[in-house]
Participant: 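Please find one structure pasted underneath; my questions will follow.
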Amino acid sequence: MSNAQSTGMVDMTVGSPLRHILKFSIPLLIGNIFQQAYNLVDSVVVGNFVGSEALAAVNTAFPVMFILISLFIGMGMGGTIMISQFFGAGDMDSVRKTIRTANTALLAISVPLTVIGLVISKPALRLLNVPDDTFGMAHIYLVIIFIGLIGSMGYNVNFGILQGLGDSRSPLRFLIVACGLNIVLDLALVIPLGVAGVAIATVVAQLFSWIYGILYIRKKYPELNYNPFSLKLDVHLLKKIITLGLPIGLQQMLFSVGVLVLQRLINSQGSSFIAGFSAAMRIDNFIALPLMSFANALSAFVGQNVGAGKYDRVQEGLKATLLISSGACLVITAVVLPLGQFFLKLFNQKPEVIHAGMAYLLRVVPFFLVLTALFMLTSVLRGAGATVAPLLVTFVAMCVVRVPAAYVLEHYFGAENLYFSFGLGWGVGAVLALMLYLSGGWKSKRIVQDLPEPGDGASPPGVLLGD
C-alpha cells in the first residue's frame, strides 16, 4: 500500500497503533473544532443579538432535523466501514464501487427526505411541546435547513470516504473555508433576518463544503475516478451498505428520539431553562470533540485492521485510545467546571440562564470518563462491522435507563437533577459494550472473505465481497 500512502491515503495495518490514531485524530479534532465553532457562532450571535427565545428555538429544532436524516447517516457510516475494510484488504476496485454506490444513494434519497422534512416540521415541534414564544422561529429554521439538506448529507458522504481511506487531513482544508464563510454570513444576516439568517448561513456553508470536497477529492485522488453524479449503483454492495448501515441509522434515530423525549421534559421548564440547557449543550458538544475524534480515529483503525485480518492490532489500538482519551477527560473536567459560568455568559447574560446551564455542566461533565469508555468500545464494534451491538447498547442506555431516570429524577428531586440520568445511562451502556467486546463476536463480522483465520495476523492477497 505504499502507493496509496503516497497519495495521502494511510495504511493503518502496519506501524504503531498509537501513532496512527494520534495522527488521524489530530486533524479530525481540528476539523471538528472548526465545525463546532460555527455552531457556537450561531448560538453566540443569536443569543446576544436576537434573544434567549431565538437561542432556544435553534437548539430545539436541531433534534427534529437530526432524527429525519439519521437513517441516511447510518447508510453513510455503513459505506465508510466497507471502504475501510476493503482498503485494509487491498481491494481498491471494491472501494471505487462502494463510493459510486454511496453517492448514487445520496442523490436518490435527498429529495424525498427534504419533502418529508418540510411536511413534518410543524407537527414535530407541536409534539415536542415547544413554547409559543419560540415555535415560529424554530419552524422557520427547520424549513430553511431542510431545503438545503443535500449539502449536509453530501459533506458527510465525502468525509466518510476520506475517513475510510485513512485521510483525516483533507476534510480539514475545505471545512476551515466553510467555517469562515458561515461566520461571515452569520454576522451579515442575523441582525436583519434573525433566526432565518442563521439557517441560511449554515445551509450555504454546508453546500460549499460538499462542492469543494467533490473538486478536492477528484484532484487529490484521481485513482478513485470520483464522480458523485455518475448514477452507477452496485446492487450487491448497496445491500451490504444497508445491512451495515441500517442498525447504525436506527441507533442514531433511537438516540434522537431519546433526546426529543428529554427535550419535551426540558421544554416544560420554561424558556430560561431551555436556553441554559441549550447553551450548556453547545459547550458539551465542544468539549466532547477530543473524545469523538479519538473514537472516529479508532473506528477507522479497526476497520482497516479487521479488513486485513489483524485482530491483535485492534486490541492494541483500543488500549492506546483509552489511555489518551482518559487523559483528555481529566483535563476537560479540570478546565470546564471552574470556568463554566464564563463560557455560559458567551451565550446569554441572564442569571437564570447561566444558573440553568451550570446545573447541567456540574452534573454531566464529571462523568465524561465513563463516556469515553462507552465511545471507544462501541467504536471498535462498529469499525469491525458489528453494527447491531451499538444499537443494542444505545437502546439500553437511552430508552431503558436515561429517559426513565430523567423523568423520575425530575419528579422527585427537581428539574436540575434530571441531568444525573446522563451519567447513569453512560455507565450501564459502557458495561454492556464491554461485555459485547469481550465476547469476541465482533471478530466474525468482517465483510471481506478469503482472508486468513483470525489471529494469524497475515495480510491477504485479495478479497471477494461477502454475502
Side-chain angles (χ1 to χ4, degrees), residues 1-17 19-21 23-24 76-103 157-170 217-218 220-226 232 234 236-241 243-245 296-317 379-380 382-387 442-467:
M1 272 212 220
S2 59
N3 183 54
Q5 290 179 2
S6 68
T7 64
M9 304 177 192
V10 179
D11 179 8
M12 293 188 279
T13 64
V14 294
S16 166
R19 179 174 57 84
H20 279 307
I21 290 168
K23 287 184 67 175
F24 188 94
M77 294 178 70
T80 299
I81 294 170
M82 293 177 63
I83 290 169
S84 66
Q85 292 199 22
F86 284 135
F87 182 70
D91 186 357
M92 289 303 295
D93 184 55
S94 291
V95 168
R96 285 187 285 268
K97 290 180 180 179
T98 303
I99 290 172
R100 289 195 293 267
T101 299
N103 273 292
V157 169
N158 287 342
F159 176 81
I161 292 169
L162 295 169
Q163 178 173 303
L165 298 174
D167 182 358
S168 62
R169 295 183 180 182
S170 294
I217 294 173
R218 285 176 59 85
K220 187 173 180 65
Y221 299 116
E223 64 270 37
L224 294 179
N225 299 320
Y226 190 54
K232 293 181 180 179
D234 185 304
H236 192 53
L237 284 172
L238 180 61
K239 289 180 180 178
K240 290 297 293 185
I241 291 175
T243 300
L244 289 170
N296 285 333
L298 179 60
S299 184
F301 176 86
V302 169
Q304 288 195 18
N305 282 281
V306 167
K310 297 183 177 181
Y311 295 93
D312 53 334
R313 288 178 57 80
V314 172
Q315 185 176 3
E316 293 174 17
S379 291
V380 170
R382 188 179 298 111
T387 55
W442 53 273
K443 295 181 180 179
S444 64
K445 299 300 182 180
R446 58 185 176 181
I447 62 171
V448 291
Q449 294 181 349
D450 295 340
L451 293 174
E453 290 300 315
D456 64 10
S459 296
V463 293
L464 297 173
L465 181 65
D467 294 329

Participant: Just wondering, do Val314 and Trp442 contact through their side chains at under 4.5 Å, heavy atoms?
Facilitator: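 Heavy-atom side-chain distance check passes, below 4.5 Å.
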Participant: Rounded to the nearest 0.5 Å, what separates atom CE in Met92 from atom OG1 in Thr98?
Facilitator: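 If I round to the nearest 0.5 Å, the distance is 10.5 Å.
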Participant: Looking at Ala384, is its backbone amide N or carbonyl O close enough to the side chain of Gln85 to form a donor-acceptor pair, meaning the two atoms are under 3.5 Å apart?
Facilitator: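 At least one qualifying donor-acceptor pair exists.
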Participant: Taking atom OH of Tyr221 and atom CG of Leu165, what is their separation to the nearest 0.5 Å?
Facilitator: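 So the gap between those two atoms works out to 6.5 Å.
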Participant: Looking at Lys240, Gln163, Arg382, which one forms a side-chain contact (heavy atoms from CB on, under 4.5 Å) with Ile81?
Facilitator: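 The option that passes is Arg382.
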Participant: Nearest 0.5 Å, what's the CD1-CD1 distance between Ile161 and Ile217?
Facilitator: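 Output value for this atom pair is 5.0 Å.
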Participant: Do you know the tightest heavy-atom contact between Tyr311 and Arg446?
Facilitator: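 For Tyr311 versus Arg446, the nearest heavy atoms are OH-CD, 3.2 Å.
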Participant: Any donor and acceptor pair, going by atom type alone, linking the side chain of Asn305 with main-chain N or O of Met12 inside 3.5 Å?
Facilitator: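 Here the side-chain-to-backbone pair exists.
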Participant: Please check if atom CZ in Arg96 has more than 12 non-hydrogen atoms from other residues, nucleotides or ligands closer than 6.0 Å.
Facilitator: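 Above 12, so yes.
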Participant: Roughly how far, to the nearest 0.5 Å, is the CD1 atom of Ile99 from the NZ atom of Lys232?
Facilitator: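 Lys232 NZ to Ile99 CD1: 13.5 Å, rounded to 0.5 Å.
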Participant: Using 0.5 Å steps for rounding, measure from the CG atom of Leu238 to the OG1 atom of Thr101.
Facilitator: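 Nearest 0.5 Å value for the CG-OG1 distance: 6.5 Å.
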Participant: Which value, rounded to the nearest 0.5 Å, describes the distance between Met82 atom CE and Lys97 atom NZ?
Facilitator: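 Atom-to-atom, Met82:CE and Lys97:NZ are 11.0 Å apart.
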Participant: Any sub-3.5 Å donor-acceptor pair from Arg218's side-chain atoms to Tyr226's backbone N or O?
Facilitator: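 Checking the backbone N and O of Tyr226 against the side chain of Arg218, a donor-acceptor pair under 3.5 Å is found.
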Participant: Spell out, as yes or no, whether a donor-acceptor pair under 3.5 Å connects the side chain of Thr13 to the backbone of Gly88.
Facilitator: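 Side chain of Thr13 to backbone of Gly88, a donor-acceptor pair under 3.5 Å: no, none is there.
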Participant: State whether the side chain of Thr387 and the backbone N or O of Leu244 hold a donor-acceptor pair below 3.5 Å, judged by distance alone.
Facilitator: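 Yes, the answer is positive, given that a donor and an acceptor are paired below the 3.5 Å cut-off.
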Participant: Please name the pair of heavy atoms, one in Val95 and one in Phe86, separated by the smallest distance, quoted to 0.1 Å.
Facilitator: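 Minimum heavy-atom contact is CG2-CB, 3.7 Å.
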